[in-house]
Amino acid sequence: MAADIISGKEIGDEIRAEIAQRVSDLKKNHGLVPGLATVLVGEDQASHMYVRMKNKAAGELGLHSQQITLPGDTSEDELLGVVAGLNGNPDIHGILVQSPLPDGIDEAKVLLAIDPAKDIDGFHPLNVGKLNTGSDDVLVPCTPAGIIELLMRSGNDPAGKHAVVVGRSNIVGRPMASLLVRKGPGGNATVTVAHSRTPELGVITRLADILIVAIGRPETITGDMIKPGAVVIDVGSNRVDDPETEKGYRYVGDVVYEEAAEVASAITPVPGGVGPMTITMLLSNTVAAAVALAGIDG
Ligand code: NDP
């Protein structure tokens, strides 16, 4: 069996077109321009690249975006002051403080300082709590939200299926499980969560109709760990050396793609699967936050 490829690039483009239309309608009908602020502290090159990509994507879809770049020796109090300013700024509806923060700044404290209504990462404990209590009025973490879109838009509704999530991080695994078990569209699955202390992982993964792997260990899930016909979502993005490539490295997932594609009915590639969805959902959250803050219905 050759699995269908679930393309995050194609589905992401589809959602971005919808966001651009929504942004244009909001501007025309309500004079509202959703605004994203990204805050970057220090010189981490990968963080600079991610933030550039986020602001570029926001601009392309018609959102207002503002990047605040602070030196690596910024104090926690200074950063909290910047966050407070953005909380009170009516042109900004989504605030993203890029991780990692330099030593000496308590990320949890910064996270708590962000207005939950502008917490487009969905990491504030209020949003985490709302997600876990089934509230609709919640900003959901972008990667798992993107995975639900991938499943629904590729015709793989999780309702009534057994979903196995491998990984229990606060960014991916836990919110993923919460979304899948939620009552309502995109949810209603029976969910098992596995992690590094799960014995006989293959016994568990082979039970999955939908297998979502977010462990950050290259090519850990082999073909024999997958139930024939399962849908496989590979969140992993692992850089591995490859002298055969021009750059000397390439990215692989947490799943052995070639083996899995023989067994699964559908699979996300790496790259080009889950990755492109994350920024798209960040923009989607920014628009949702703007609409909620402005009190616009629908
Ligand atoms: P974390 O390191 O925070 O969490 C990894 C989880 O996997 C932990 O719960 C850990 O268990 C579990 N785990 C580790 N090894 C094994 C194993 N051998 N068997 C079973 N479970 C295992 O990672 P993240 O959740 O942040 O990210 C996971 C992957 O997803 C990474 O490759 C990351 O780069 C990628 N990612 C991709 C994104 C995208 O946009 N494409 C966005 C976010 C992440 P325990 O809790 O017991 O330690």
Side-chain angles (χ1 to χ4, degrees), residues 5-13 15-16 38 44-47 49-54 57 96-101 107-108 111 120-123 128 131 140-151 163-180 191-208 211-222 224-226 232-241 249-257 260 267-285:
I5 293 174
I6 303 176
S7 166
K9 170 86 181 67
E10 276 172 27
I11 293 175
D13 284 349
I15 298 173
R16 284 187 192 209
T38 51
D44 184 79
Q45 285 312 306
S47 296
M49 187 187 72
Y50 294 142
V51 164
R52 249 197 328 271
M53 284 165 65
K54 287 165 186 172
L96 180 139
V97 179
Q98 184 68 42
S99 286
L101 291 173
E107 290 207 24
L111 183 56
I120 47 169
D121 262 336
F123 296 155
V128 176
L131 176 60
V140 174
C142 300
T143 301
I147 291 170
I148 297 294
E149 291 288 347
L150 287 177
L151 290 171
V164 173
V165 180
V166 190
R168 56 177 164 183
S169 73
N170 290 334
I171 294 171
V172 189
R174 283 171 200 264
M176 187 74 253
S178 297
L179 280 173
L180 287 163
V191 182
T192 301
V193 180
H195 44 76
S196 71
R197 307 294 174 90
T198 301
E200 304 283 353
L201 184 61
V203 172
I204 305 295
T205 56
R206 270 191 296 277
L207 296 173
L211 177 62
I212 299 175
V213 188
I215 58 182
R217 303 279 181 279
E219 301 185 318
T220 304
I221 304 295
T222 48
D224 62 338
M225 297 170 80
I226 298 167
V232 177
I233 305 289
D234 188 353
V235 189
S237 177
N238 309 291
R239 189 169 139 165
V240 295
D241 292 338
Y249 63 85
R250 66 193 164 90
Y251 283 89
V252 299
D254 292 341
V255 175
V256 183
Y257 182 83
I267 186 167
T268 55
V270 178
V274 174
M277 296 299 292
T278 300
I279 293 182
T280 301
M281 298 316 293
L282 187 80
L283 303 178
S284 173
N285 276 354

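These values consider heavy atoms only, across backbone and side chains, with no hydrogens, waters or symmetry-generated copies. Start at 1 with the first residue, then count along the sequence. Counting convention: from 1, in listed order, for ligands and their atoms alike.
- In this structure Leu111 satisfies the side-chain contact (heavy atoms from CB on, under 4.5 Å) test together with Asp119, Phe123, sequence neighbours excluded.
- The backbone N or O of Val172 lies less than 3.5 Å from a partner atom in the side chain of Ser169, making a donor-acceptor pair.
- Residues passing the salt bridge (charged side-chain N to carboxylate O under 4.0 Å, His left out) test with Asp224, sequence neighbours excluded: none.
- Contact detail for Arg174 and Arg168: the closest heavy-atom pair is NE-O, 2.9 Å.
- Summarising the geometry of Cys142 relative to Thr278, their closest heavy-atom pair is CB-O, 3.5 Å, with the distance given to 0.1 Å.
- Atom numbering of ligand 1 starts at 1 in the shown order; those under 4.0 Å from a heavy atom of Asn238 are 32 (O).
- Proximity to Val235 (heavy-atom distance under 4.0 Å) selects the following atoms of ligand 1: 30 (O), 35 (C), 36 (N), 37 (C), 41 (N).
- When non-hydrogen atoms are compared, ligand 1 lies under 4.0 Å from the backbone of Ile215 as well as from its side chain.
- Atoms CG and OH, from Leu282 and Tyr50 in turn, are 14.0 Å apart once rounded to the nearest 0.5 Å.
- There is a protein heavy atom less than 4.0 angstrom from atom 19 (N) of ligand 1.
- Taking every heavy atom of Val172 and a limit of under 4.0 angstrom, the matching atoms of ligand 1 come to 25 (O), 43 (C), 44 (C).
- Comparing Gly146, Gly275, Gly216, Ser169 against atom 3 (O) of ligand 1, the shortest heavy-atom distance belongs to Ser169.
- Exactly one of Asp234, Ile147, Val255, Val235 qualifies for a side-chain contact (heavy atoms from CB on, under 4.5 Å) with Thr268. That residue is Asp234.
- Among all non-hydrogen protein atoms, the one lying nearest atom 8 (C) of ligand 1 is Arg168 N, 4.0 Å.
- Each of the atoms 20 (C), 21 (N) of ligand 1 lies under 4.0 Å from some heavy atom of Val166.
- The CD1 atom of Ile120 sits 12.0 Å away from atom CE of Met281, with the distance rounded to the nearest 0.5 Å.
- Counting the atoms of ligand 1 from 1 in the order shown, those under 4.0 Å from a heavy atom of Thr278 are 39 (C), 40 (O).
- The two residues Val128 and Gly122 make their nearest non-hydrogen contact at CG2-O, 4.0 Å.
- Distances below 4.0 Å separate heavy atoms of Gly167 from the following atoms of ligand 1: 6 (C), 7 (O), 9 (O).
- Regarding atom 47 (O) of ligand 1, its nearest protein heavy-atom neighbour is Ser196 OG, 2.5 Å.
- For Ser237, the heavy-atom gap to ligand 1 drops under 4.0 angstrom.
- Using a 4.0 Å cut-off between heavy atoms, Thr198 makes no contact with ligand 1 at all.
- Counting heavy atoms under 4.0 Å from ligand 1, residue Arg217 touches it through the side chain alone.
- Nearest heavy-atom pair across Ala57 and Arg16 is CB-NH1, 3.6 Å.
- The shortest separation from a heavy atom of Gly173 to ligand 1 is not under 4.0 Å, leaving the residue out of contact.
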